[in-house]
Participant: 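Provided herewith is a single structure, encoded as structure tokens, for subsequent inquiry.
On a predicted model such as this, the values are computed, not experimentally measured, just so you know.
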2 protein chains.
Amino acid sequence: MPPWETPPDQLPPVAAVQKLLRALADPVRLEMVRRLAAHPAAEAPCSDLYEGLNKSTATHHFKILVEAGILHPVMVGPSRGHRLRRTALQEAVPGLLDALTEALAREGR
Amino acid sequence: MPPWETPPDQLPPVAAVQKLLRALADPVRLEMVRRLAAHPAAEAPCSDLYEGLNKSTATHHFKILVEAGILHPVMVGPSRGHRLRRTALQEAVPGLLDALTEALAREGR
DNA sequence: CTCGAAGTACGATCCAGATCAAACTTACCA
DNA sequence: TGGTAAGTTTGATCTGGATCGTACTTCGAG
């Protein structure tokens, strides 16, 4: 979907709470976000963020996360990837991302 | 489902993050929780928490919220109702409920 | 004891969305 | 200039879960 890399100013706005929750409520997508959040750069190529999934299914999930304003599609080195929109999320729903990642960590994930 | 009122010690445990998100990701249920959170006593009869819904559909949603550990079925005055399990939730996923209610309030809801 | 109001249980329907396979696109590398 | 690796697109399928109507339960008021 990104011809090269989407300019940060024409990214979709972070969605409303309800849509955010919908996006995060899927186990596959939650895991994607968890891995990105764990990543130091909060940035990774697509294939690092899932396993045991058809590629087209992964694309489907990425699209939902991007449209919810959670991920930013970027180029990571040679291949495509995504960046977690930490500050935008923090602005939209302060504390949400932290609450989730901490709780997931405590669950042993 | 409650013969009279469920003893607090045999309530279902608060579910894992993923299941919590699933429970909250539905517009009807999110609104139910929002109204309860807004309520001073965090407690209300069923029918105060939704509108324009078939009663059996409402029961369905309540069941999901109870099984996720978000609500506690109780007697509110003469009729049945639910209480928001604030402290249990705060223990399980600190900050989540606050983050959501604040963001919803800022959305104008 | 019956009536009505408030929820619950059950069964049926219906649709969003999760999944996959296959074909196509792009970019990099030999 | 192929070839391969990584994603995307498209189209099809299938299932979880949201919804409703109807019947049943329970409680309080008369």
Participant: Pairs under 3.5 angstrom only: tabulate donor-acceptor contacts from the side chains of residues 33-45 of chain B to other protein residues two or more places apart or in another chain.
Facilitator:
residue	atom	partner	partner atom	Å
B:R34	NE	B:E31	OE1	3.0
B:R34	NH2	B:E31	OE2	3.1
B:R35	NE	B:E31	OE2	2.7
B:R35	NH1	B:D48	O	3.0
B:R35	NH1	B:E51	OE2	3.4
B:R35	NH2	B:E31	OE2	3.4
B:R35	NH2	B:E51	OE1	3.4
B:H39	NE2	B:E43	O	3.2
B:E43	OE1	B:R83	NE	2.7
B:E43	OE1	B:R83	NH2	2.8

Participant: Round to a whole Å and report the spacing from OH of A:Y50 to C1' of C:dC20.
Facilitator: 13 Å

Participant: Can you give me the closest heavy-atom contact between A:C46 and A:H82, atom names plus distance?
Facilitator: SG-CE1, 3.6 Å

Participant: How many Å lie between CZ on B:R80 and P on C:dG7, as a whole number?
Facilitator: 9 Å

Participant: Both B:G52 and A:S79 contact DNA chain D. Taking the nearest nucleotide for each, which residue is further toward the 5' end?
Facilitator: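 On the 5' side of the pair lies A:S79.
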
Participant: Write down the distance between NZ (B:K19) and C1' (D:dG17), rounded to a whole number of angstrom.
Facilitator: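 In whole Å, D:dG17 C1' lies 14 Å from B:K19 NZ.
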
Participant: Rounding to an integer number of Å, can you tell me how far B:K55 NZ sits from D:dT22 P?
Facilitator: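 That distance rounds to 13 Å.
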
Participant: Output the rounded distance in Å from CE (B:M75) to P (C:dA5).
Facilitator: 18 Å

Participant: Are the side chains of A:I70 and A:V14 in contact, using a 4.5 Å heavy-atom criterion?
Facilitator: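 They are not in side-chain contact.
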
Participant: Would a single hydrophobic cluster contain both A:L89 and B:L97, if residues Ile, Leu, Val, Met, Phe, Trp and Tyr are joined by side-chain heavy-atom contacts under 4.5 Å?
Facilitator: yes

Participant: Of the non-hydrogen atoms in A:Q18 and B:A25, which two are nearest, and what is the gap between them?
Facilitator: NE2-O, 2.6 Å

Participant: What does B:T59 touch in the nucleic acid at a heavy-atom separation under 4.0 angstrom: a base, only the sugar-phosphate, or nothing?
Facilitator: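 Base contact - B:T59 has a heavy atom under 4.0 Å of at least one base atom.
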
Participant: Angle between the end axes of the helix from C:dC1-D:dG30 to C:dA30-D:dT1, five pairs per end, to the nearest 10 degrees?
Facilitator: 20°

Participant: Could you tell me which non-hydrogen atom of B:V17 sits nearest to which non-hydrogen atom of A:E107, and how far apart they are?
Facilitator: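 So the two residues come closest at N-OE2, 2.7 Å.
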
Participant: Looking only at side-chain N and O atoms, does A:H61 offer a donor or acceptor that is under 3.5 Å from a partner on A:R29?
Facilitator: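 Yes.
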
Participant: Go through A:T57 and A:Y50 one step at a time and tell me if the side chain to side chain contact (heavy atoms under 4.5 Å, CB included) criterion holds.
Facilitator: CA-CA 10 Å; A:T57 304; A:Y50 66 91; over 6 Å; no

Participant: Grab the CG-P distance between B:D48 and C:dA5 for me, whole Å please.
Facilitator: 17 Å

Participant: Starting at the 5' end of nucleotides 11-18 of chain C, put B wherever the base has a protein heavy atom under 4.0 Å, S where only the sugar-phosphate does, and a dash everywhere else.
Facilitator: -------S

Participant: Nearest whole Å is fine: how far is D:dA6 P from A:N54 CG?
Facilitator: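 Between P of D:dA6 and CG of A:N54: 15 Å.
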
Participant: Is there a path of hydrophobic side-chain contacts, each under 4.5 Å between heavy atoms, that joins A:I64 and A:L96?
Facilitator: no

